[in-house]
Number of protein chains: 2
Amino acid sequence: MATLKDVARLAGVSVKTVSNVVNGYSFVKPDNRRRVEEALEATGYRPNLGARNLRRGRTGFIALVLPELSIPYFAELAGLVITAAQEHEWNVLIEQTFGTLAGERAALASLGPHLVDAAILSPEALLVDDFQLSVPAVLLGEHAVDVPISRVGIDNVAAARTAVRHLISLGRTRIAAIGAHPHRGTAALRLEGYRTALAEASLPFSGDLVVPALNYHRADGAAAMRSLLDMPTPPDAVFCFNDLLAIGAMRTAAERSLRVPGDLAVVGFDNNEESVYSSPSLTSVAPDKGAIARAAVDLLHRRVESPDDALEDVETPFSLLVRESTVAG
Amino acid sequence: MATLKDVARLAGVSVKTVSNVVNGYSFVKPDNRRRVEEALEATGYRPNLGARNLRRGRTGFIALVLPELSIPYFAELAGLVITAAQEHEWNVLIEQTFGTLAGERAALASLGPHLVDAAILSPEALLVDDFQLSVPAVLLGEHAVDVPISRVGIDNVAAARTAVRHLISLGRTRIAAIGAHPHRGTAALRLEGYRTALAEASLPFSGDLVVPALNYHRADGAAAMRSLLDMPTPPDAVFCFNDLLAIGAMRTAAERSLRVPGDLAVVGFDNNEESVYSSPSLTSVAPDKGAIARAAVDLLHRRVESPDDALEDVETPFSLLVRESTVAG
DNA sequence: CATCGTTGTTCCAACGATGTAAAGCCCCAA
DNA sequence: TTGGGGCTTTACATCGTTGGAACAACGATG
């Protein structure tokens with residue numbers, strides 16, 4: 001592997017001059033610049049990023065801390081973050097927490113200025129209560145507790161309200177919610193949006209129709225739906241706090257031979273690609289994941305460039321995509 | 001951020017002694033060791049990996065080059081690779097190629113000894129024909145062309161044969177295949193397995209029943225299925241070269257009001273989590289993804305430790321998981 | 001012709017860690 | 001007392017890069 005020294009020797013100039021050419025410094029004699037460029041070409045020089053970053057005090061990496069890549073929402077998001085990070089010449093380091101506090105603590109502990117320049121966090125457990133991070137960070141989702149840290153996300157209350165209003169507009173009156181969670185900030189806000197929409201339509205709120213989910217996997221949605229269908233008067237619609245729960249719920253409905261949307265209308269949240277091809281396809285709240293990824297990365301970039309910028313709270317757009325699970329195709 | 005120098009000053013020893021303690025060098029006086037450990041604790045020292053790796057000539061990273069994280073198979077695999085890599089104190093750098101030759105070239109170009117110690121490649125386009133990599137690498141899947149490089153994967157011919165034999169055992173006689181591809185090594189092998197199974201059962205092979213797919217997304221499966229169902233005599237079963245194609249195919253079947261498996265049996269490949277909860281759930285060839293991830297990482301680790309080991313070709317196990325898309329629940 | 005500012009180049013130190021060589025210590029045998 | 005050898009520590013160079021100061025060359029200016 002060629003180093004600056006090799007290139008310099010070949011071009012007959014000093015190492016620093018080569019460095020200047022590589023970094024686009026203006027004042028280099030055309031003649032020398034040409035010779036250096038030829039030498040760069042000839043040796044196939046690639047800067048040693050480790051050395052460069054050591055010198056510059058940067059690492060060239062950002063961390064993306066998320067529960068699990070096997071969850072489609074996070075996989076899609078991770079792909080978009082990687083793409084967004086490339087714009088700023090950042091590489092992305094993915095850490096999985098598996099949704100546990102221990103996992104989140106471990107991920108945070110392994111981070112540090114020596115490893116990454118900044119971090120994007122998608123906490124699920126308590127994480128933020130003992131929050132102590134040595135690099136600029138941004139939270140995706142919601143604040144679990146009141147900690148000074150930037151945030152990027154959608155208006156969860158408004159999104160949930162939109163979803164439930166859609167169900168109400170279809171004439172549904174017994175609308176259940178799946179996904180309540182003791183610690184998740186987003187869960188509380190989505191529940192709030194659900195209650196607001198019910199209240200606006202003068203529909204009664206019943207705690208029986210709110211089913212918790214400790215994890216947001218398909219199996220949890222299926223189990224929650226079973227408990228709802230075992231009720232004396234089952235719901236005629238269900239709002240799930242993410243698409244996986246909704247897929248699980250639809251699976252249970254199918255097993256019980258319920259027609260969706262005839263007997264039961266279902267709305268999800270996240271708009272996974274999977275939901276477009278399920279049978280029936282799933283109506284879902286669609287956050288603009290690309291916007292979230294870009295906003296988070298851009299925000300971090302600003303913060304790294306000027307560390308004492310004010311904290312930010314970026315709200316990204318969302319939309320409701322109506323599909324067969326609420327309106328028969 | 002504390003450096004070795006800070007710790008050394010605090011403990012009243014030389015930098016090297018601290019380095020020795022940190023790296024578990026045996027000959028340090030108990031007294032000094034204790035003082036150094038206290039100082040390490042007090043300063044919260046964490047080694048600067050960039051500097052360490054610069055000195056050691058390692059980067060501490062491996063690359064995982066794959067088409068797209070939004071494809072569930074690769075997302076699941078990536079998660080497992082990250083976990084496996086941690087065992088060897090490696091961090092994983094994910095590069096997306098989007099299945100294009102240009103993307104694969106770009107990913108390869110950005111790699112190099114200065115960035116990663118090794119690379120795991122999941123090529124889709126031609127990639128390997130102009131293959132020139134400066135670090136140890138392993139291919140997941142199949143050799144597109146004959147290039148000296150290690151490989152990890154399942155026996156695709158046997159896997160496809162198993163899948164098609166299952167369909168035959170159910171009494172299906174017009175069995176289609178979706179996913180033929182001009183450049184993909186796995187596609188050719190799966191097609192071979194398909195033909196072998198047909199031949200073994202003395203079923204005729206018909207080119208009409210083999211549908212190509214340029215991408216392996218849900219939409220491609222849906223389109224392929226439409227073309228099959230538009231035939232004068234449509235198939236009574238279809239073997240899809242991955243689960244996404246199968247999900248798309250089942251979607252089309254549903255749109256045409258075909259019963260699965262009654263009118264059409266469907267088998268996929270990859271065993272995505274998604275396929276367990278689809279309606280009907282999908283029978284699928286299940287490669288042991290954990291085994292693939294571990295084998296790939298372990299192989300690279302051996303190769304990095306002793307660079308002139310022989311190339312390896314590791315075969316990992318697979319199984320066929322029979323679900324509702326072939327045998328009604 | 002001395003001076004000056006601009007442009008271009010080089011030398012040196014430094015980022016934080018580790019390998020090497022050498023020096024210091026201590027104990028024991030000659 | 002000397003010397004040898006095992007343990008323990010240190011000074012120094014080094015990995016590849018960049019920032020800063022110093023220096024050199026140059027035409028323009030007074």
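Protein chains get the first letters and strands the later ones, always in sequence-line order, with residue 1 at the start of each.
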Contacts of type side chain to side chain donor-acceptor pair (under 3.5 Å), residue S19(B), not counting sequence neighbours: N23(B)
Point-to-point distance, once rounded to the nearest 0.5 Å, from CG of L64(A) to CD of Q96(A): 10.0 Å
Rounded interatomic separation in angstrom, taking CZ from R35(A) and C1' from dG8(C): 13 Å
Where DNA chain D forms stems, i.e. three or more consecutive Watson-Crick or G-U pairs with both distances under 3.5 Å: C:1-30 with D:1-30
Atom-pair distance (CG on D31(A); P on dT7(C)), nearest Å: 19 Å
Salt bridge (Lys or Arg N to Asp or Glu O under 4.0 Å) partners of residues 11-30 of chain B, not counting sequence neighbours, each pair once: none
dT10(D) phosphate, OP1 or OP2, under 4.0 Å from T17(B) side-chain N/O: yes
Residues forming a side chain to side chain donor-acceptor pair (under 3.5 Å) with D31(A), sequence neighbours excluded: R34(A), R35(A)
Mutual orientation of the aromatic rings belonging to F61(B) and F61(A) [parallel < 30°, tilted 30-60°, perpendicular > 60°]: parallel
Backbone of A310(A) reached by a side-chain donor or acceptor of R303(A) within 3.5 Å: yes
Nucleotides 16-28 of chain D: protein proximity per nucleotide (B base, S sugar-phosphate only, - neither; heavy atom, under 4.0 Å): BBBBB--------
Spacing between F27(B) atom CZ and dC26(C) atom P, to the nearest angstrom: 18 Å
Qualifying ring-ring contact (aromatic ring centres under 6.0 Å, His included) pairs, either residue in residues 80-109 of chain B, two or more places apart: H88(B)-H301(B), W90(B)-H301(B)
Validation row: V304(A), I62(A) side chains within 4.5 angstrom (heavy atoms): no
